[in-house]
There are 2 protein chains.
Amino acid sequence: MKTSIPKATIARLPLYLRCLSVLAPAQMTCSSDELAANAGVNSAQVRKDLSYLDVSGVRGVGYSVIELRHQLSTALGLNQGYAVAIVGAGNLGTALGNYGGFAAWGFTVAGVFDIDETKVGTEVGGHLVRSLVDLEQIVRQRNIAIGIVATPATAAQQVADRFIAAGLRSILNFAPTVLQVPDNVSVRRVDLSTELQILTFHLQQDAG
Amino acid sequence: MKTSIPKATIARLPLYLRCLSVLAPAQMTCSSDELAANAGVNSAQVRKDLSYLDVSGVRGVGYSVIELRHQLSTALGLNQGYAVAIVGAGNLGTALGNYGGFAAWGFTVAGVFDIDETKVGTEVGGHLVRSLVDLEQIVRQRNIAIGIVATPATAAQQVADRFIAAGLRSILNFAPTVLQVPDNVSVRRVDLSTELQILTFHLQQDAG
DNA sequence: CGTTGTGAAGGTCTTCACAGCC
DNA sequence: GGCTGTGAAGACCTTCACAACG
């Protein structure tokens with residue numbers, strides 16, 4: 001971990017972590033070739049990526065699965081149990097609220113919010129839906145670190161602005177819009193139609 | 001469009017298209033600076049990206065919004081009205097089935113499938129849920145071009161294999177797993193926990 | 001032997017900077 | 001004046017290839 005970790009590497013670390021969880025529980029070590037095959041990347045890439053972490057592989061053997069898992073989790077900050085807020089209790093927000101994967105990686109859904117007062121008080125995936133009015137207060141009170149925007153595009157920027165005003169620095173945006181945020185805020189965008197359009201580009205190419 | 005378009009450029013084209021749709025309807029031209037600000041990229045990037053398309057900007061003025069929209073759509077193959085199939089009528093599949101954005105970009109949901117026979121025959125976002133048994137038949141019959149995997153991780157590879165067996169060459173995978181596919185099949189992965197983990201990496205950095 | 005760790009080579013992508021044009 | 005289009009520079013990323021080592 002001498003120099004800082006390249007972005008491209010960071011984006012692959014969760015992938016490696018996932019690949020480890022697929023291995024047989026009895027498997028003690030794992031080679032870069034095996035990880036590479038599972039993750040769909042080149043094995044030199046795996047070794048170089050891992051060289052940024054404090055893991056030491058054993059030549060002729062591979063990496064210790066336990067050590068690797070621990071180092072990946074540590075590098076990604078997964079040992080800290082971050083709290084997330086979901087804004088938007090529509091179809092997508094509901095799917096997110098019901099998603100079991102949060103807890104598996106140490107995330108806690110500490111609040112689900114909607115602007116529609118008729119939804120407030122109902123439950124979504126075991127989480128009480130709260131009024132959007134209380135967003136800032138609860139973000140601060142529950143020490144929420146990550147905000148998830150699952151609203152229509154028209155509301156997304158406003159929600160992001162409120163997240164930021166409440167002190168949040170990490171946003172995951174599912175709305176089909178580009179959020180304008182200050183430099184010190186990280187945004188990741190997850191966008192269905194962008195992905196579909198990239199696929200159609202390739203479809204068209206193949207068709208010639 | 002002399003040489004082939006770089007991957008990184010392709011991934012930004014949908015973004016530019018989206019930015020155009022945000023402009024006032026009366027706006028006839030748009031500069032690379034304006035697009036760049038909306039899309040959150042450098043303006044030289046925008047110009048270079050557009051130089052791979054058959055679009056001609058006017059110096060001192062900018063690009064014709066209409067021409068640009070047309071060229072972006074053409075490059076992405078959005079004029080062809082591709083049909084998509086969604087497998088998995090759980091929370092996520094339901095959110096997708098209800099998503100109005102498909103039609104807006106020329107996509108048709110031509111089938112929603114689930115393995116749970118008690119769901120078969122019900123409706124999801126106006127789409128009849130069909131038995132997974134009929135997947136291959138309907139993919140062929142309706143000329144489905146894109147398969148969306150919205151199943152649990154355990155079923156994802158099997159579904160992908162069946163998509164491929166039915167002749168499909170483009171898959172959008174929402175399951176938290178890396179699909180193993182032949183070289184001639186394109187897969188895009190959309191993965192909530194990967195995105196969250198990338199955010200926590202940065203959170204941790206800032207705190208460190 | 002098999003596998004790691006890494007310098008060096010080779011790509012790809014981004015940004016700069018400015019000539020060219022309306 | 002304002003903006004496009006692009007060569008060149010530079011940053012970043014991936015892959016190769018092989019020495020080092022248990």
Side-chain angles (χ1 to χ4, degrees), chain A residues 1-16 19-20 23 27-69 71-72 75 178 183 198 201-202 205, chain B residues 1-16 19-20 23 27-69 71-72 75 183 198 201-202:
Chain A
M1 222 188 302
K2 303 297 179 291
T3 69
S4 76
I5 307 183
K7 275 184 180 177
T9 292
I10 294 160
R12 280 186 297 267
L13 298 183
L15 196 55
Y16 300 149
C19 291
L20 287 182
L23 301 178
Q27 187 168 346
M28 302 304 290
T29 65
C30 178
S31 70
S32 60
D33 260 336
E34 188 174 7
L35 263 180
N38 275 279
V41 302
N42 182 295
S43 70
Q45 183 81 268
V46 172
R47 293 196 295 278
K48 186 140 285 191
D49 285 343
L50 297 185
S51 76
Y52 293 106
L53 273 51
D54 281 331
V55 320
S56 47
V58 180
R59 288 165 205 244
V61 177
Y63 300 91
S64 152
V65 172
I66 290 175
E67 185 194 348
L68 197 45
R69 194 177 344 235
Q71 289 299 333
L72 287 167
V178 179
D183 285 350
I198 294 172
F201 174 88
H202 291 116
Q205 292 296 102
Chain B
M1 220 187 305
K2 302 298 179 290
T3 68
S4 75
I5 307 183
K7 275 184 181 176
T9 292
I10 294 160
R12 280 186 297 267
L13 299 184
L15 196 54
Y16 300 149
C19 291
L20 287 182
L23 301 178
Q27 187 167 346
M28 303 305 289
T29 64
C30 179
S31 69
S32 60
D33 261 337
E34 189 175 6
L35 264 180
N38 275 281
V41 302
N42 182 295
S43 71
Q45 182 81 268
V46 172
R47 294 196 296 278
K48 187 140 284 188
D49 284 344
L50 297 185
S51 76
Y52 293 105
L53 274 50
D54 282 331
V55 17
S56 48
V58 180
R59 289 164 204 244
V61 177
Y63 301 91
S64 153
V65 172
I66 290 175
E67 185 194 348
L68 197 46
R69 197 182 337 240
Q71 289 299 333
L72 286 168
D183 284 351
I198 294 172
F201 173 87
H202 290 117

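Keep in mind that the numbers below use all heavy atoms, side chains included, and drop hydrogens, waters and symmetry copies. Here is how names work: the chains are called A, B, and so on, in the same order as the sequence lines, proteins then strands, and each is numbered from 1.
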Compare all side-chain heavy atoms of Leu13(A) with those of Ile198(B) and state whether any distance is below 4.5 angstrom. no
Rounded to whole Å, CG of Asn42(A) lies from P of dA17(D) at a distance of 11 Å
Rounded to the nearest Å, what distance is computed from the CG atom of residue Asp33(B) to the P atom of nucleotide dG1(D)? 17 Å
Rounding to a whole Å, what distance do you find between Asp49(B):CG and dT14(C):P? 7 Å
Which nucleotide in the set dT6(C), dC22(C), dC21(D) lies at the smallest distance from any side-chain heavy atom of Lys48(A)? dT6(C)
Length of the line joining Tyr52(A):OH and dT14(D):P, which is rounded to integer Å: 9 Å
Gln45(B), nearest nucleotide to its side chain (from dG2(D), dT14(D), dT14(C)): dT14(C)
Measuring from the side chain of Lys7(A) (C-beta onward, heavy atoms only), which nucleotide among dG5(C), dC13(D), dC22(C) has the closest atom? dC13(D)
Hey, are the side chains of Tyr63(B) and Gln71(B) touching, using non-hydrogen atoms and a 4.5 Å cut-off? no
Roughly, in whole Å, what's the span from CG in Leu68(A) to P in dT4(C)? 11 Å
Grab the CG-P distance between Leu35(B) and dG5(D) for me, whole Å please. 12 Å
Side-chain contact check for Ser32(A): nearest option of dC13(C), dT4(C), dT15(C) is dT4(C)
Name the closest nucleotide to the Ala44(B) side chain, picking from dA17(C), dT4(C), dC3(D). dA17(C)
Where the side chain of Arg12(A) is concerned, which of dG5(D), dT14(D), dC21(D) is the nearest nucleotide? dT14(D)
Working note: Arg12(A) + Val46(A), criterion side-chain contact (heavy atoms from CB on, under 4.5 Å); need CA distance, chi angles, decisive distance, verdict. CA-CA 9 Å; Arg12(A) 280 186 297 267; Val46(A) 172; over 6 Å; no
So which nucleotide from dG5(C), dG2(D), dT15(C) ends up closest to the side chain of Ser56(A)? dG5(C)
Closest to the side chain of Tyr63(A), out of dC22(C), dT14(C), dG5(C), is dG5(C)
How many Å lie between CD1 on Ile10(B) and P on dT14(C), as a whole number? 12 Å
Minimum-distance nucleotide (side-chain atoms of Arg59(A) versus dT14(D), dA20(D), dC16(C)): dA20(D)
Once you round it to whole Å, what is the distance between P of dT14(D) and CG of Leu50(A)? 14 Å
Looking at side-chain heavy atoms only, is the closest gap between Tyr16(A) and Leu68(A) below 4.5 Å? no
Using heavy-atom distances to pick each residue's nearest nucleotide on DNA chain D, tell me which of Gly60(A) and Val41(A) is more 5'. Val41(A)
Is Leu20(A) close to Asn38(A) at the side-chain level, that is, under 4.5 Å between some pair of heavy atoms? no
